Number of protein chains: 2
Amino acid sequence: MNKRVTIKDVAKKTGLSISTISLVINNKGNVSEETKQKVLQAIEELGYYPARSARSLASRKTGNIGFILTEEHFSRSEPFYTKIFLGTEFESRAYNYYVLLTTVPTQFSKSAIPRFLLENNVDGVIFAGKINQKYVKYVEELGLPYILVDYDLSGKKVSAVMIDNVGGGEMATDHLLKLGYRKVAFIGGDIEHPSIRGRFEGFKKALEKAGVECAVDMCVVEEPDTRVINGYRACEKLFTKLKPEAIFAANDAMAIGCLRFLKEKGIKVPDEVAVVGFDDIEACIHVEPRLTTVRVDKEELGVVAVKHLVEMIRKPNSGINRVYLPVKLVVRDSCGAKKKGFYVFDDSKIDESLI
Amino acid sequence: MNKRVTIKDVAKKTGLSISTISLVINNKGNVSEETKQKVLQAIEELGYYPARSARSLASRKTGNIGFILTEEHFSRSEPFYTKIFLGTEFESRAYNYYVLLTTVPTQFSKSAIPRFLLENNVDGVIFAGKINQKYVKYVEELGLPYILVDYDLSGKKVSAVMIDNVGGGEMATDHLLKLGYRKVAFIGGDIEHPSIRGRFEGFKKALEKAGVECAVDMCVVEEPDTRVINGYRACEKLFTKLKPEAIFAANDAMAIGCLRFLKEKGIKVPDEVAVVGFDDIEACIHVEPRLTTVRVDKEELGVVAVKHLVEMIRKPNSGINRVYLPVKLVVRDSCGAKKKGFYVFDDSKIDESLI
DNA sequence: GTGAAAGCGCTAACAG
DNA sequence: CTGTTAGCGCTTTCAC
């Protein structure tokens, strides 16, 4: 490694003491504007950057944020959580933090505790997606500030950045209702998950508003999780007894499962059944017909999480932060709106340019 | 923060000096098995973990690996580079490294130099995908070991983990040839990219082996990049003058573009034209028909990169590492092999279970 | 406003 | 084989 430029070099060059330099770097204390400028200039000229490790050691702050999610979530095919991470990575630059990402097994295990927690190498933690409560508890006991993203702990007041699931579910259902469908079904898995619950709630709310009865057998919510295959199965169950006009699936993966089942059975979408999903994952524009869905701004979830977490790090005991991020209906082909001649803004061009 | 357990506490508890503890931790020098055990036990009992920052400061090693890719690559819809990152993250645990990910603009800019480079906060760097040579040069001048993944610098002997593009291209083309197609076209964009070049090379090699002429107008390689839209355009160009029996696209995105074009024109796949892609991205199983392609093990690319990089960090001047990772043909529906009754291993179940 | 000095927790010679 | 000692580069009282 080349000889590193240190704070001493800056001190020497300016004829000041290292403590003054330090004060300038950290924008602390009372330093005259004049010396401040002198220092800043010297820093610039020398190309000086404070060493992380030295700062951490002396200040007892790491400058790192931990990002924890389950292996299951990260290895999911669609990059939902990846995008959240991207958002945090981007935002954390503004605050001069590094984001350390790690995955943990779904089941809590003492041996799986992230290294950065054991090594005291983060100032705060972001949990993305469903996570075993024990991990959260462990971080809490460490006294570290933390925030959940796209998840919530029932019966516990924690900081969290959430999607407006209820609003989104309502929006999707309203849309189907507006298109004239009356026999509208809901398909969901892992119904204990706060997000899925919320979407279901929105669904019921919309039906109630419209004065449409929400039949029990029009709601298939027993699937263990929300993967494609379970969307397929749920749809199969639904069609053994009933023939809905429209389906609102709790997420895109399940909606795609529905599409798969319907195609196999030769049931035309959207002509015979309309389908709407939730999340707006990439696959939506690859399936046939392209899936109408509720768009979640994943990056934004990450950005907001960092904003709040940094605030919590900077002023401890500032209380709990809870935010709901708005969602947006993206109308494509699976809901039939276009065929019915409803005017809709076509997002497809935007989608394609992203690829 | 709770009172941290330090090396001193371990020394006190064991009645040894801190340097002995340090030796044990780092598995260095000659420490008697007896004291070693004693130390290890004390560490266990106290729940001691060495502080990163202190270690870094004293040893002048950060314990971090930088992971650099362009914004363009990371925001790509399919999680190709994300998976490579996942691989690095996973593997780096084994070596007790943290991976710091950052994106940079495609164009080099002095102000976009990753913070971890400015702050001297990494021991080595992984570049993923196509990257402006200036970034590489910058790292080189810093004296840091680095390795490229899925990219290469022409005229420069650098360490790199590469996909066996030539082999894969050959494999895909062989497959089409074996199915009886003779008029086989190649579609590629960004032909200056080493990977695309390699795939094209493999294509030509296979044709030559089979004694099939490689007509110039059967190769559309002028597109600026390899996105879906350019696959669409390239396919359009192709079909204005010719009618190939099969198409090998340089990657899945372009292959999907072909599928799109062909569907619009009412040309049946695989009945009228067979299509094969490269990469095996998620979308392959969502498109209709499902895309036959060449599978690249993305995680493995990351794993291997870390292995080599760590080696380079540990023994500097150990020379250049260059590896080619094998690929595998995944036969689905777009190539017509199944319809033609060829026996093929069906990967679809595996795919679905991943979702 | 600025400087001197004492660490932060660890590693790395060098003694013994 | 183990201990002593001097830093690594910075932050942080506390004087002046």
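Note that the coordinates shown come from a computational prediction; the quantities given were computed from them, not determined experimentally. A, B, ... follow the sequence lines: proteins, then strands. Residue 1 opens every chain.
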How many whole angstroms separate atom [atom1] of [X] from atom [atom2] of [N]?
X        : N      : atom1 : atom2 : value
A:Lys38  : C:dG1  : NZ    : P     : 15 Å
B:Ile25  : C:dT11 : CD1   : P     : 5 Å
B:Lys8   : C:dT11 : NZ    : P     : 14 Å
A:Asn120 : C:dC8  : CG    : P     : 15 Å

Legend entry - Enclosure of A:Tyr138 OH (heavy-atom neighbours >12, cutoff 6.0 Å): yes
Legend entry - Flag if over 12 foreign heavy atoms under 6.0 Å of CD, B:Glu44: no
Any side-chain N or O of [X] below 4.0 angstrom from OP1/OP2 of [N]?
X       : N      : value
B:Lys28 : C:dT11 : no
A:Ser32 : C:dG1  : no
B:Arg60 : C:dC10 : no
A:Asn30 : C:dT2  : no
A:Ser17 : C:dG3  : yes

Inset, instruction - Scan B:Ile21 against the nucleic acid and name what it touches under 4.0 Å (heavy atoms): base, sugar-phosphate only, or nothing. - result: nothing
Inset, instruction - Scan A:Ser56 against the nucleic acid and name what it touches under 4.0 Å (heavy atoms): base, sugar-phosphate only, or nothing. - result: nothing
Is any NZ, NE, NH1 or NH2 atom of the basic residue among [X] and [Y] found under 4.0 Å from an Asp or Glu carboxylate oxygen of the other?
X        : Y        : result
B:Arg55  : A:Glu119 : no
A:Lys298 : A:Asp150 : no
A:Glu89  : A:Arg93  : yes

Inset, instruction - Tell me, please, the opening and closing nucleotides of DNA chain D, 5' to 3', among those with an atom under 4.0 angstrom from a non-hydrogen atom of chain B. - result: D:dC1 to D:dG9
Inset, instruction - Map A:Ser59 and B:Ala54 onto DNA chain D by nearest heavy atom, then report which one ends up closer to the 5' terminus. - result: B:Ala54
Inset, instruction - Measure from the side chain of B:Ile18, starting at C-beta and using heavy atoms only, and say which of C:dA5, C:dT11, C:dA12 lies closest. - result: C:dT11
Legend entry - Minimum-distance nucleotide (side-chain atoms of A:Leu57 versus C:dA13, C:dG1, C:dG9): C:dG9
Legend entry - Whether A:Phe108 and A:Tyr135 hold their rings parallel, tilted or perpendicular, with breakpoints at 30° and 60°: perpendicular
Inset, instruction - Kindly indicate whether the side chain of A:Thr103, heavy atoms from C-beta on, has any atom under 4.5 Å from the side chain of B:Phe90. - result: no
